[in-house]
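What you see below is based on every heavy atom in this structure, not just the backbone, and it leaves out hydrogens, waters and symmetry mates. Just so we're on the same page: letters track the sequence lines, and every chain starts at 1.
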There are 2 protein chains.
Amino acid sequence: MAEDTSRRRGGGGAARRARRTAVSFDCAKVIDRRIPDLPVFSDDLLETIEHNAETVLEEIGVSFVENPAALERWKQAGADVSGERVRIPRGLARQLCATAPARFIQHARNPERSVEIGGRKLVLAPVYGPPFVRDAERGRRYATMEDFRTFVKLGYMSKWLHHSGGTVCEPTDLPVNKRHFDMLLAHMTLSDKPFMGSVTEPSRARDSVEMCDILFGGLADRTVLTSLININSPLTFDSTMMGALETYAAANQACIISPFIVGGAMAPVSVMGTLTQVLAEVLAGVAYSQLVRAGAPVIFGAFVASIDMNSGAPTFGTPEASQITYGAGQLARRLGLPYRSAGAFTGSKLPDAQAAYESANSLNAGLLSGVNFMLHACGWLEGGLVASFEKFVMDADQLGPLHRFAAGVPGDEEAQAMDAIREVGPGGHYLGCGHTQRNFQDAFWRTDLLDYKPFETWDEEGGRDTATLASARVAKLLSQYEAPPIDAAVVEALEAFIAQRKEAEADAFV
Amino acid sequence: MAEDTSRRRGGGGAARRARRTAVSFDCAKVIDRRIPDLPVFSDDLLETIEHNAETVLEEIGVSFVENPAALERWKQAGADVSGERVRIPRGLARQLCATAPARFIQHARNPERSVEIGGRKLVLAPVYGPPFVRDAERGRRYATMEDFRTFVKLGYMSKWLHHSGGTVCEPTDLPVNKRHFDMLLAHMTLSDKPFMGSVTEPSRARDSVEMCDILFGGLADRTVLTSLININSPLTFDSTMMGALETYAAANQACIISPFIVGGAMAPVSVMGTLTQVLAEVLAGVAYSQLVRAGAPVIFGAFVASIDMNSGAPTFGTPEASQITYGAGQLARRLGLPYRSAGAFTGSKLPDAQAAYESANSLNAGLLSGVNFMLHACGWLEGGLVASFEKFVMDADQLGPLHRFAAGVPGDEEAQAMDAIREVGPGGHYLGCGHTQRNFQDAFWRTDLLDYKPFETWDEEGGRDTATLASARVAKLLSQYEAPPIDAAVVEALEAFIAQRKEAEADAFV
């Protein structure tokens, strides 16, 4: 379907005209950490985990379910395959992981918005997966394609969000076997930030790659998708997710290989035990990606919740989840892989104080644990069942401080401000001094949302809480939304591809 | 007034009986950090700050206002005194600081609740200073002595709070020159945790020490008060605060020497500049404390807010405030002093998401920057103008995760959980396995407040937000409150002392 790509590459005159007249929304550069990571785990503990993970792979092994081709690949690579169980000799998985790149570029259709994933970088992407949405006006309800589009628009307009994400919510009003087309089209046309592909079926992964081929005017091995491959923890790799992984890896598209852990349920009820299993699973998954295509870009993932042992409910923003987030980051760096974890996680039903405490705890752990790709960085509510419009803009505002803090502290003469201290002296104030006048505009991070007004003003204006302010901000952003410019011919080609593919299959709703 | 202390020491039979029958409220041990601090600043930057701070002391100097005795002490020590300006030769202040202890014990009347301040320890104390209180039922209003007592009771019952604090709110219904008696009596009788002394007048500092002498049955140089000495930034030491400092230092009572910084107003509008001024002020203040009494316990304080340069309002939980918190911690450790900073800071008017984001940001920075004494760890609202009952219990709950995270990760065989991974294997689950059964009760931190219920249950119960749950928790705690046992004779002696002192003076309301 890429027969006429050369004409489209770079956009035509119409696209150039559209670009000139379009409202521009600021997007921050990917975070470049100039602060150290926090080494919560000693080298001794990390070596123990690494040793134990190899023992798990060698003695217990992992299951590749309903996937004879995978079993054959593992056999060829030297693993001990028995039924669907793959036992991997000590050291083999780590050795296979060595061909995975330590960092890679995910290209966006707007080259300014391409992101580097790995090293000291941190890329922020929105919530992924909720079947429900919530807003102040209409409450909690099943998500629709219209909600999906709204989230993509909000993501496009969020300055501190580098990535458009993937399933920002599940459009439950569309057939399960066809909604990926509409979701991809939304990311491609309503935003110009990088995005994720479908993983719910290998054929949908292929559709994702083919649509990118149209959008980018031919891929030529460029990485333009980062997709989420969950491992069916403990130690199980199902054929749906592996099928998607195989498709993406073969096309040099990036995958997050991510154990899906609720500690105490899918992993041992201890931090060390959970990290052992996480590492074993990631080693096996990444190694497998490299068996499919050596050099395919992958990310060491760790989605971690703990569990409330009274109710069995998953819990978020807890200290044990933070410990695992830090430990997995150290393990990822020792393995030389980009790292995905953390997010604005919460178990709260509302965008209230619980939501904010838990999210802030997790966001801070994400920054200081060396996360390179943070999915769910905004909008997550109720343990991931709900995508919240208000929380989306609340969290997105809090991503600003991460940028500022990560930038470190300048130490030049102007920053030292000795002239200011000399000018003001004991008992004076700095509001009017020369140094303040020169620097105040950029001196401090500024919120786009939170309230700093005097009590009386705030009270006169209705005494609004954060969720109420967020509701107003959502409405304001959406009223200002304008789509980024795109060549109409590209959109037509995408729509034609989708129409043809949709027609070829009956609707499926389960 | 300590004539009959021997009889009272340790309490009589009545106290022992009361102790046996009293309801006991758990109190966690002081946090003992088994995780590293985060070194945000390089040694180069820290050396620059230290060099510049010495330049400030030498060239610009500091003012000791209306305090001839202080000027005389500085002259004797070798400083260049001109009018009220004290210029301190390079190196002299640091040299004088060397006699201050790196750590000290603050004794509580219940020896189990004594706290060590310094080293790897973190002591948590509640909000300090608000003239207003807020609760869900009655809204925002001037604080009264009854509110004060309620906060002391809540602090006593808060498991993660090690310290009863000081002015948990200003009892504005009592005369300014007499309210310190009632405040101290409340801390002494309604709680058995350590507390702070009055600093609003040197005579009130003396009253604080004398009441402690009665409470403890003679002090004999034991440190039983840690009090807050704010520096009138920039670079000014007023005679009220210094008078309190002189009283406390002479009695071997601890003081926090704390620049009060709103960046851009009381300090340069840059992180490096602010840290330079903070260090200069702390060096001068601590050095002065050691001139009063070499070896007197002191804490390197840094109260830091940034400023919204649009409105002039102080802002909290911002990235720049975090950077200063981290930097000051590194400077304090290089100086060998205990460190006070951070807290559950927020500019929000309500215990909402803004309050929680900002507070969590600051609490996390406090833990990882190596704070040893954290004032305002719970209950702070509206930039410190308001003490909130709901936020008190909300923040206090969030102090639990700090304890868990700081404890580090055990690495023993049971923690490694290899038996669990072997038992469960690929595709199983861990809920029922032996390792989970043995460990689940202590595996994860548990909230006393937040909601983890399924949506349907939560919805049926009224769909309550965190502030509403907190309101219920405040009521429940207060209904369960019982005072810790105390010898009735001690209370009588305290009351007699107060009656006599109150009679000696007319009421003052300004």
Exercise for the section: Heavy-atom distances under 4.5 Å only: say whether A:Y326 touches chain B with side chain, backbone, both or neither. Expected result: side chain
Handout entry: Side chain, backbone, both or neither of A:V409 within contact of chain B (heavy atoms, under 4.5 Å)
Key = both
Handout entry: Side chain, backbone, both or neither of A:E320 within contact of chain B (heavy atoms, under 4.5 Å)
Key = side chain
Practice task
Nearest 0.5 Å please: distance from the CG atom of B:N364 over to the CG atom of A:N361.
Solution key: 5.0 Å
Problem - Contacting moiety of A:M394, where chain B heavy atoms sit under 4.5 Å - result: both
Exercise for the section: Nearest 0.5 Å please: distance from the CE atom of B:M418 over to the NE2 atom of A:H51. Expected result: 7.5 Å
Problem - Backbone of A:D465 reached by a side-chain donor or acceptor of B:K349 within 3.5 Å - result: no
Problem - Heavy-atom proximity to chain B below 4.5 Å, by part of A:R140 - result: side chain
Handout entry: Between A:A443, A:A470, A:G347, A:S359, the one whose heavy-atom pairs under 4.5 Å with chain B are most numerous
Key = A:A443
Practice task
May I ask you to test the A:T55-B:R422 pair for a side-chain heavy-atom distance under 4.5 Å?
Solution key: yes
Practice task
Tell me, for A:W445 versus chain B, whether the close heavy atoms (under 4.5 Å) come from the side chain, the backbone, both or neither.
Solution key: both
Practice task
For side-chain hydrogen bond (donor to acceptor under 3.5 Å, both in side chains), just list the numbers for A:D397 and B:Y357, CA-CA rounded to whole Å, side-chain angles, deciding distance to a tenth of an Å, and then say yes or no.
Solution key: CA-CA 11 Å; A:D397 188 62; B:Y357 281 127; over 6 Å; no
Exercise for the section: Against chain A, work out which of B:V424, B:L350, B:T236, B:N439 has the most heavy-atom pairs shorter than 4.5 Å and name it. Expected result: B:L350
Fill in the blank from the handout: Residues at least two apart in sequence or cross-chain that pass side-chain hydrogen bond (donor to acceptor under 3.5 Å, both in side chains) with B:S270, listed by chain then number, are none
Completion exercise
Whatever's closer than 4.5 Å to a heavy atom in chain B on A:R446 counts as side chain
Exercise for the section: Check each atom of B:D37 against the heavy atoms of chain A and say whether the ones under 4.5 Å are side chain, backbone, both or neither. Expected result: backbone
Exercise for the section: Would you indicate whether the side-chain heavy atoms of A:V262 and B:Y430 approach each other to under 4.5 Å? Expected result: no
Practice task
Please state whether the side chain, the backbone, both or neither of A:L45 comes within less than 4.5 Å of a heavy atom of chain B.
Solution key: side chain
Problem - Donor-acceptor contact present, side-chain B:D352 to main-chain A:T466, <3.5 Å - result: yes
Handout entry: Among the listed options A:S42, A:A267, A:P39, the residue most often paired with chain B at heavy-atom distances under 4.5 Å
Key = A:A267
Exercise for the section: To the nearest 0.5 angstrom, please state how far the CD1 atom of A:I307 sits from the OH atom of B:Y452. Expected result: 12.0 Å
Practice task
Could you tell me whether a side-chain N or O of B:Q416 sits under 3.5 Å from a main-chain N or O of A:N52, the two making a donor and an acceptor?
Solution key: no
Problem - Within 6.0 angstrom of A:D412 CG, more than 12 heavy atoms from elsewhere - result: yes
Fill in the blank from the handout: Checked B:S63, B:G463, B:P36 vs chain A; the most non-hydrogen pairs under 4.5 Å come from B:P36
Problem - Greatest number of heavy atom pairs closer than 4.5 Å to chain B - which of A:F41, A:F405, A:F237 - result: A:F405
Practice task
Pick one of side chain, backbone, both or neither for B:A467, based on which atoms fall under 4.5 Å of a heavy atom in chain A.
Solution key: neither
Fill in the blank from the handout: When the 4.5 angstrom heavy-atom criterion is applied to A:P351 and chain B, the contacting part is backbone
Completion exercise
Counting heavy-atom pairs under 4.5 Å with chain A, the top scorer among B:E59, B:M266, B:Q398 is B:Q398
Practice task
Against chain B, label A:T48 side chain, backbone, both or neither, depending on which of its atoms sit under 4.5 Å from a heavy atom there.
Solution key: side chain
Completion exercise
One option among B:G400, B:P319, B:P454 has the most heavy-atom pairs under 4.5 Å with chain A, and it is B:P319
Problem - Distance (rounded to the nearest 0.5 Å) between A:D308 CG and B:T447 OG1 - result: 9.5 Å
Problem - Pick from B:A420, B:A360, B:A415 with the largest number of heavy-atom pairs that fall under 4.5 Å of chain A - result: B:A415
Problem - Check: A:P268 and B:I421 side chains under 4.5 Å, non-hydrogen atoms - result: yes
Fill in the blank from the handout: Here the gap from A:E382 atom CD to B:F455 atom CZ, rounded to the nearest 0.5 Å, amounts to 6.0 Å
Practice task
Pick one of side chain, backbone, both or neither for B:R438, based on which atoms fall under 4.5 Å of a heavy atom in chain A.
Solution key: neither
Problem - A:E358, part contacting chain B, at a heavy-atom distance under 4.5 Å - result: side chain
Completion exercise
Interface check, chain A: of B:G427, B:A417, B:A355, B:P314, most non-hydrogen pairs under 4.5 Å belong to B:G427
Practice task
Check whether any side-chain heavy atom of A:I60 sits under 4.5 Å from a side-chain heavy atom of B:P426, and report yes or no.
Solution key: yes
Practice task
Mark yes or no for whether B:S306, through its side chain, and A:F444, through its backbone, hold a donor-acceptor pair below 3.5 Å.
Solution key: no
Handout entry: Inter-residue atom distance B:F316.CZ - A:L450.CG, 0.5 Å rounding
Key = 13.0 Å
